[in-house]
Amino acid sequence: MEIPFDVANIPGPEMGEVVSPEVIGSYISNAERPLLVVGSEILRDDFFIKIAIEIGKKGIPIAATGHSIRGFVGTEYADNVMYYNLHDLTNCLRDPNWAGLDGKGNYDFVIFFGILYYYASQMLSCIKNFATDPLIRAVSIDRYYHPNARMSFTNITPRREEEYRDMLKRLVKSIRGRQK
Amino acid sequence: MDEIKKGNLFSIAGLENVRISIGEIVEEEKEWEPMGPHPMPRIATLRDWDFKLLNRYKPFYAPVCDMCCLCTYGKCDLTGNKKGACGIRMDAQQGRIVLLACLVGCSAHCGHGRHLLHDMIKKFGRDVPIDFGPEVDIEAPLTRLVCGIKPKTIGDYDKVFSYIEEQIVQLADALHTGQEGSYMDFESKALHMGMLDSLNKEAADIIQIACYGMPTSLPGGGPDVPLVDVGIGTIDTNKPVIIVIGHNVPPAADIGVYLTENELDDKVELGGICCTSIDTTRVYKKAKIASALGRQLRVIRAGIADVIVIDEQCIRADILELCQKVHSPLIATNDKAMHGLVDRTDDDPDKIVDDLVSGRVPGVVILEPDQVGEVAVRTALQMDKKRRSLKFILSDDEFKYYVNDCILCGGCTLACPAGLHIGEANQSAATGSIKPLADLFDLCVGCGRCEQVCKKHIPIVDVITKAAYPQLKEEKGRMRIGRGPIWDSEIREVGAPLVLGTIPGIIAPIGCGNYPNGTKDAWLIVKEFAERNYIVTLTGCMAIDCALWKDEEGKTLYEQHHGGFGGGGVLNIGSCVSNAHIHDAAIKVASIFAGRNLRGNYEEIADYILTRVGACGVAWGAMSQKAASIASGFNRLGVPAVVGPHSAKYRRAFLGRADLKEDWKLIDATDGSEVYVEPGPQHLLVACETVEEALPMMAKLCFRPSDTDRGRSGKLTHYIDLNLKYLNTYPPDWHLFVRTASDIPIATRNALLKKLEDEHGWEIDWKMKKIKEGPIRGYDPSFNPTNLERLIRGKK
C-alpha cells in the first residue's frame, strides 16, 4: 500500500490510486469540464507557474487559491486565472447547480496542483465524500501521495525533483487541447 | 410542633429526629433590566437563530476519517455520504464529531471554571465582590445575556455553572448512537455548546480577576497595564527556575506569594508556558512568559527548569518522561492531569521536597493550590544546585554526528504535521550551512513525531534546537499583561465608529500555535491591522507569539501601539478564558451604543452583532478542541473567524455563497421590507492557505450591511489594498460591496468607477459621478438590518 505523505492520513476503504502522468493526462483529455486548482506552493519556482499556464492553454480554466494568483499577475495568461479561496471553491464544487467560473456550470474533473498538503487533503476528502451526484473526480499532480484523491502521484522527495518536473512535462504533453 | 426551643441551633418539639438542611437562600433579584425572551436557553431554545445562520452559512464537511468506529455495529464505511449501520449519514456523523470536539473544549473550560470557583470559595469565601472599578459597569455581559443574571459576588457563579453543566450533559447525550440524525441539528447543538463555552470563559476570568485583583479599570489597568518579558531568552538560568504550564493559575499564584513572602522575588525565576504564564503575569509582577504552546517540548528539553509545575490543559501527555530526561521534578496540581504520580496533598512539605530533590520520585501530585508554592520553590532552590552542571543542548560534536548520520530516508518528513524537509536541512548542515536547519525551528510545531520514526534515532528536535540556539538565546520579546475587560467608557468612545464603520473593525487573533509557517505570521497579522487603525485584541498563544518579533528599532508591536480599545490599539486581553471579553466588547456595543437590553436576550444581540459590528476572529494556529468550541461560540454570537490551513482538519466550516442571492435577504426592521444585501460577512468560519490570503479575507469579513458610506469606503480601501499588497490583484468580488459612489474611496473613485463600468457592466453617470445601475442595492442610511421578524417595528 502506498504511504500517504502525512503517514497517518489513512481515511478509510477508498484510497486513491497511484498513476502515471499519462493516465491523468488521458482522464483530463476525456473530461467534459475539467478545472485546474492551483495553490501557493506553485510560487516556489517559476517552472510550476509555467506548467499551470501550459495546462491552462490546453483550454482548462484555472482557479488560483491561497496567494498563488501572484504567480500569474503580469504573465500573458493573467486574464484567464481567477482567485478563489479553496474552502469557498470546494464548497461550490459540491453543489451540482454551481455555475462555475465561466457561468457554464459545475466541473466533472478537478486537478489539484501546488496546494499545501493537509489543506488539499481535506478538500479532496470533501469532494470524494460529497461531490458524488453527479460525480466529480478529483486528482492530484503534486509530489505527494494523496489518498483522498481518486488518482495521485506517489511521494517524491526533493532529491527526485528533476524526476517530478519531468512528470509534469509528460503530463502537459499528454493532455489533449480543447476549445476554451 | 407547638414549641421552638433555642439550642446551639434550634429544635422543634416533636421533630427531634428530623434533619433540616438549608441549601441556598434565594434572594429575589432586584429588577435591573426587563427579562428578555431566552434566559438560560436550553438545547432547542435558540434553534431558530442557529438555523438562520446555518441556512446562510451552510455547514461544509471535509472528513478526516471516512468511517465510524463508535459502536459495535461498526466499523462502518460512510464514504460518499453513505449511511452506517445505525442509519447515520456521513454528513451527520461529521456534525456529530464536531459536537464531540466542542463538548471536549467546552468541558475543559467548564471544568476549569468550576475548579477555580471551588478553590476560590474555599480560599476567599463566596462573597468576593465582582467590581471591576469605575469604568466597568457591565461587569459580565455574557452572564447577563445568556443567564439573565447580574452577578454580584463570585458565589453567584454557582448557579451559572450548574446551568452550563446541565446543558453539557444534555448535549453529550445527543452524541449517543440512536439519538440525533440531522447534521443541521448537530450543528445547532455545537453552536449551543460554543455559547456555553463563551459563558464558561467569562465566568472563569471574572472569578480569577475578582479574587486575585487582576487588572481591571482601577489605576494601572486597562490600557495602562505593564509590559512583561516574553521568550526563552528572557529566563535567567543563573537563578533557580520554575516553569508553570497549563491554564489554571492558583498554583502558580501561590508560588508567587511564597516567593514574595520569603523575599525570593529576585532570587528565583518564575516563568511559564501557555495560558497559565499569561495569567501568572496578571498576579505576580516578576513572572515571565517563556513561550507559547508551540515551544513547550523545546523549552522542557532545553532543561532550563529546575522544577516544572503543571495544572490543566495543553500539557504534553509525555510531560513526566520529558521531565525525567532533564532531571526536572514535576509537580502536578490538578486532578485532571496527574500523570500516574502519587498524590501527596497534605503531606509534610519537607518530605515531599526531599523525595523530589533526591530523585526518589520523579514528581508528585499536590491538589491543594496553597501547598504548591512552598514545595515548588524549595525544590527549585535545591535542584538548581544539583542541576547546574548539567547540559541539555547538544554539543558541537553531537550535532555534527547526528546531521552526518542522517540517511535522507524522508521518514521524518512523512511524520511531520507540517511536512518539513528535515533530511535536506540535515544534509545542508552536514556540508557546512546550518541556516536551513535553524530556519526550521520556528516552522516546527514542536510535536516530536519525527524522532519516533527516525531509523537512525536522531533526536531531531534537539538537533534543530542546537542549530537555532544562537537565535533562541536572543528570543526576548515584550508584551502587555492581560488586561481583562474592555471598559464601558472605551465602548462609548468607539461604539459609533465601529457600527458606522469608521473604525474598520475589530481583529481578534486568538488560540494555539499550530501555524502553517511559523510565529511570524502572528506578528504580521497584528502589525498589518493595527497599522490600519483596526482594533486588535489578542489572547492566548497568538498574544505571546506576536511578541517574539520586533521592528528595526527593537520594539515589539505592544511597545509600538497603545493598549486601549480604540483604532490602532494592540491589546492583550489575557489567557484563553479572557477571550470572553472580546465577545463582551461586541455585546457591550449593542448595549451601550445601541441601548439594546441584554438580559436573556441572546438572539437579538447576536443578530445585532452579525449585522452591525465588524469584528473578525483569527485562530491562525488553532489546534485544540477548545479552539473548536471557542470558534463556535464566536460564530453563534455573529462573529466570523478565519482559521489557518491546519484547521481544515476540524472537518467543518461555515461558508456563505456569494452567488446565491436568496441567501442574502435581510429585513429592514423599520418597516418590515425585505432587502437583498451584499454578502457581508460572507463566511462564518473559513480556512485560508497562507497568511497572504488570510489578511485580505479578514478585512473582507469585517463588511456589515449597516456600514455607512464613509465606513464602507474605509473598509473597501483596506480590502482592496490588502489584496493588491498580498495577492497583487484586485479582489474579484470588490464590486459586490459597492452600493453607491460614496462607498468608493475618494482617492481612487474615478478609477474604480471606470472598472465598474468596463469590467462589470455598471452604468455610471460620469457628470454627476454617480452609479445609475449595477449594485445589489443602493445605500440607505436609515436601513435597520435584522434577521429577526419579531424585531420589525411597523409593517409597510
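Just so it is clear, the model here is predicted, and its values are computed rather than measured. Labels below follow one simple rule: chain letters A, B, ... track the order of the sequence lines, proteins then strands, and each chain is numbered from 1.
- Aromatic ring centres of Phe153(A) and His146(A) lie farther apart than the 6.0 Å criterion allows.
- Ring-centre distance between Tyr719(B) and Phe703(B): below the 6.0 Å cut-off.
- With chain B as the partner, the residue from Ile69(A), Asn91(A), Asp133(A) showing the most heavy-atom pairs under 4.5 Å is Asn91(A).
- Contact of Gln427(B) with chain A is not made at all, since no heavy-atom distance falls under 4.5 Å.
- Using a 4.5 Å cut-off between heavy atoms, Asp91(B) contacts chain A through both its backbone and its side chain.
- Heavy-atom distances place both the backbone and the side chain of Thr413(B) under 4.5 Å from chain A.
- Looking at Lys82(B), the atoms closer than 4.5 Å to chain A (heavy atoms on both sides) all sit in the side chain, from C-beta outward.
- Put simply, the side chain of Arg178(A) never gets that close to the backbone of Gly59(A): no donor and acceptor are under 3.5 Å apart.
- Here Gly66(A) is the residue among Ala120(A), Gly66(A), Ser121(A) with the most heavy-atom pairs under 4.5 Å with chain B.
- Residue pairs satisfying the side-chain hydrogen bond (donor to acceptor under 3.5 Å, both in side chains) criterion with at least one member in residues 43-53 of chain A, sequence neighbours excluded, are listed as follows: Arg44(A)-Glu161(A), Asp45(A)-Arg165(A).
- For Leu86(A), the part lying near chain B is the backbone, with the side chain staying farther off; criterion is any non-hydrogen pair under 4.5 Å.
- Annotation: maximal heavy-atom pairing with chain B below 4.5 Å, among Asp95(A), Thr157(A), Leu124(A), occurs at Asp95(A).
- When each of Gly423(B), Cys688(B), Gly410(B), Pro731(B) is scored by its heavy-atom pairs under 4.5 Å with chain A, the top score falls to Cys688(B).
- Across Asn85(A) and Ala687(B), no two heavy atoms sit closer than the pair ND2-O, 3.0 Å.
- Taking the side chain as every heavy atom from C-beta outward, Asp108(A) and Leu135(A) never approach each other to under 4.5 Å.
- Per-residue counts of heavy-atom pairs under 4.5 Å with chain B were compared for Asn9(A), Asp6(A), Asn97(A); the largest is that of Asp6(A).
- With a threshold of 4.5 angstrom between heavy atoms, Pro516(B) approaches chain A through its backbone and through its side chain.
- Counting heavy-atom neighbours within 6.0 Å of Glu76(A) CD, excluding the residue itself, gives a total above 12.
- Side-chain contact of Thr154(A) with Glu2(A): a donor-acceptor pair under 3.5 Å is present, judged by distance alone.
- Within the structure, every pair that satisfies the ring pair (Phe, Tyr, Trp, His ring centres under 6.0 Å) test and touches residues 3-43 of chain A, not counting sequence neighbours, is listed here: Phe5(A)-Tyr117(A), Phe5(A)-Tyr144(A).
- Using a 4.5 Å cut-off between heavy atoms, Leu78(B) contacts chain A through its backbone alone, with no side-chain atom that close.
- Both the backbone and the side chain of Thr65(A) come within less than 4.5 Å of a heavy atom in chain B.
- For Tyr57(B) and His683(B), the ring centers are positioned 6.0 Å apart or more.
- Contact count versus chain A (heavy atoms, under 4.5 Å) is highest, among Pro732(B), Ala415(B), Ala418(B), for Pro732(B).
- Between the Asn635(B) side chain and the Leu684(B) main chain, a donor and an acceptor come within less than 3.5 Å of each other.
- Contact count against chain A (heavy-atom pairs under 4.5 Å) is highest for His646(B) among Met90(B), His646(B), Arg449(B).
- Heavy atoms of Asn81(B) lying under 4.5 Å from chain A belong to its backbone as well as its side chain.
- Neither the backbone nor the side chain of Ser68(A) comes within less than 4.5 Å of any heavy atom in chain B.
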